[in-house]
Amino acid sequence: MNLKEHIQQHKNEFDSEKMSATSEVLFKKKLQAALHQPKKLKEMYLRFIAVAASIVLVFSIFFWNQNSGVSAETKEVLSYLKDESAGKRLEGVYKFDDEFKKEDSKIINTLIQILHNDTNANVKIATIDALLKFPSNDNIRINLITALEKEKTPLVQIKIIKSLSFLREHRAQKNLKKIINNNETFPIVKSNATLAMNQLKQ
């Protein structure tokens with residue numbers, strides 16, 4: 001009897017044959033793994049969504065803190081002060097000088113940056129006038145002293161010197177002395193520095 005005939009005669013036995021205990025265990029493990037796979041994928045997906053939501057929340061809080069409490073007037077002036085056009089920056093300085101009676105830390109910090117970094121002398125001079133509205137602000141005073149040490153444009157130097165003299169800022173004497181003793185200092189700047197030094201010593 002060949003194999004084919006043997007299978008046909010014992011077909012019912014083959015169909016009703018039960019899997020071995022080991023095979024059954026392996027089959028159940030594979031079945032459970034297959035059934036739980038979508039759940040694992042779902043958990044991973046939910047974790048990913050949670051992490052992404054957390055990141056969005058952190059950035060939202062950051063930007064909210066950056067812009068919270070900032071008035072429309074402040075935003076408008078800041079946009080002028082940060083403009084590429086010197087004319088626009090100058091307009092922003094005048095707008096702040098004319099319309100703001102109280103200190104605005106965001107605008108003052110921006111004006112201080114202009115004082116140190118702007119390339120236009122007229123913008124710097126107008127900025128100094130705007131900062132002098134708040135003579136009791138020590139941060140403004142310190143930055144005027146620092147600016148005097150670094151400034152190279154004569155007109156701006158003279159403006160800073162007169163401002164420090166007006167403020168009776170005795171801490172500026174060291175920088176005034178450097179200007180007076182510097183051979184490269186313009187005569188008109190040196191004379192203004194000498195005058196300011198004498199006034200501060202009185």
Side-chain angles (χ1 to χ4, degrees), residues 52 54-176 178-179 182 184-193 195-196 200:
S54 299
I55 293 172
V56 171
L57 180 62
V58 169
F59 277 101
S60 297
I61 292 172
F62 173 78
F63 286 112
W64 183 84
N65 286 333
Q66 289 291 311
N67 295 303
S68 61
V70 179
S71 66
E73 291 80 6
T74 296
K75 289 180 181 178
E76 183 182 10
V77 171
L78 288 173
S79 68
Y80 278 109
L81 295 178
K82 295 177 181 179
D83 200 278
E84 293 183 0
S85 166
K88 284 287 186 181
R89 295 196 301 276
L90 193 59
E91 187 177 347
V93 175
Y94 288 143
K95 193 173 184 65
F96 171 73
D97 198 15
D98 292 339
E99 299 178 9
F100 283 73
K101 305 305 178 185
K102 294 182 180 181
E103 293 185 31
D104 186 302
S105 60
K106 289 183 180 296
I107 295 178
I108 287 175
N109 289 336
T110 303
L111 290 173
I112 287 172
Q113 291 300 314
I114 289 174
L115 173 65
H116 291 301
N117 302 317
D118 207 284
T119 56
N120 188 284
N122 291 328
V123 175
K124 281 189 173 183
I125 290 171
T127 295
I128 295 167
D129 281 330
L131 291 172
L132 287 176
K133 287 178 62 176
F134 309 103
S136 61
N137 188 315
D138 197 55
N139 187 37
I140 291 174
R141 287 172 170 262
I142 291 171
N143 277 281
L144 283 170
I145 296 170
T146 304
L148 178 61
E149 184 176 11
K150 298 178 180 179
E151 185 59 54
K152 301 300 180 186
T153 304
L155 286 175
V156 182
Q157 286 178 310
I158 292 171
K159 184 65 179 180
I160 297 173
I161 290 168
K162 288 183 176 180
S163 299
L164 292 169
S165 178
F166 167 77
L167 293 171
R168 305 294 298 172
E169 184 51 69
H170 293 278
R171 291 175 293 183
Q173 291 185 53
K174 181 180 177 181
N175 288 345
L176 288 170
K178 286 182 180 179
I179 289 175
N182 188 342
E184 296 181 1
T185 303
F186 278 75
I188 190 171
V189 177
K190 189 173 293 190
S191 63
N192 274 272
L195 179 62
L200 292 175

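Throughout, residue positions are numbered sequentially from 1 according to the sequence presented. As the structure is a prediction and not an experimental result, all values here were calculated from the model.
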Note, [X] side chain near [Y] side chain (heavy atom, < 4.5 Å):
{"X": "Asn120", "Y": "Ile114", "answer": "no"}
{"X": "Val77", "Y": "Phe100", "answer": "yes"}
{"X": "Asn139", "Y": "Asn109", "answer": "yes"}

Examine distances only and state if a side-chain atom of [X] and a backbone atom of [Y] form a donor-acceptor pair shorter than 3.5 Å.
{"X": "Asp97", "Y": "Val93", "value": "no"}
{"X": "Ser163", "Y": "Lys159", "value": "yes"}
{"X": "Asn182", "Y": "Lys178", "value": "no"}
{"X": "Thr185", "Y": "Lys190", "value": "no"}
{"X": "Asn192", "Y": "Ile158", "value": "no"}

Discussion item. I'd like to know whether Leu148 forms a side-chain contact (heavy atoms from CB on, under 4.5 Å) with Leu144, so could you lay out the CA-CA distance, the side-chain angles of the two residues, the decisive distance to 0.1 Å, and finally the verdict.
Written reply: CA-CA 6 Å; Leu148 178 61; Leu144 283 170; over 6 Å; no

Discussion item. Could you walk me through whether Leu115 and Leu111 satisfy the side-chain contact (heavy atoms from CB on, under 4.5 Å) test, starting with their C-alpha distance in whole Å, then the side-chain angles of each, then the deciding distance to 0.1 Å, before giving a yes or no?
Written reply: CA-CA 6 Å; Leu115 173 65; Leu111 290 173; over 6 Å; no

Worksheet item: How would you list, by chain and number, every residue that makes a salt bridge (Lys or Arg N to Asp or Glu O under 4.0 Å) with Glu169, sequence neighbours excluded?
Response: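 Residues passing salt bridge (Lys or Arg N to Asp or Glu O under 4.0 Å) with Glu169: Arg141, Arg171.
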
Item to complete: Answer yes or no: are there more than 12 heavy-atom neighbours, outside Lys133 itself, under 6.0 Å from its atom NZ?
Response: yes

Worksheet item: Does atom CD of Glu99 have more than 12 heavy-atom neighbours from other groups under 6.0 Å away?
Response: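 More than 12 heavy atoms, drawn from other residues, nucleotides or ligands, come within 6.0 Å of this atom.
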
Distance in Å, [X] [atom1] paired with [Y] [atom2], rounded so as to fall on 0.5 Å steps:
{"X": "Ile179", "Y": "Phe186", "atom1": "CD1", "atom2": "CZ", "value": "13.0 Å"}
{"X": "Lys82", "Y": "Gln113", "atom1": "NZ", "atom2": "CD", "value": "10.0 Å"}
{"X": "Thr127", "Y": "Ile108", "atom1": "OG1", "atom2": "CD1", "value": "12.0 Å"}

So, for [X] and [Y], which heavy atoms are closest and what is the spacing to 0.1 Å?
{"X": "Glu103", "Y": "Phe134", "value": "CG-CD2, 3.2 Å"}
{"X": "His116", "Y": "Lys124", "value": "O-NZ, 4.1 Å"}
{"X": "Ala86", "Y": "Val123", "value": "O-CG2, 3.6 Å"}
{"X": "Ile188", "Y": "Ser191", "value": "O-OG, 2.8 Å"}

Practice prompt. Mind running side-chain contact (heavy atoms from CB on, under 4.5 Å) on Leu176 and Leu200 for me, showing each step along the way?
Written response: CA-CA 10 Å; Leu176 288 170; Leu200 292 175; 3.7 Å; yes

Item to complete: Evaluate the side chain to side chain donor-acceptor pair (under 3.5 Å) criterion for residues Glu151 and Thr153: first the C-alpha distance (whole Å), next the side-chain angles of each, then the deciding distance (0.1 Å), finally the verdict.
Response: CA-CA 6 Å; Glu151 185 59 54; Thr153 304; 3.2 Å; yes

Item to complete: Identify the residue among Asp118, Asp83, Thr110 that makes a side chain to side chain donor-acceptor pair (under 3.5 Å) with Arg89.
Response: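 The side chain to side chain donor-acceptor pair (under 3.5 Å) with Arg89 is passed solely by Asp118 among Asp118, Asp83, Thr110.
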
Discussion item. Apply side-chain contact (heavy atoms from CB on, under 4.5 Å) to residues Ile140 and Leu132 and explain how you reach the verdict.
Written reply: CA-CA 8 Å; Ile140 291 174; Leu132 287 176; 5.8 Å; no

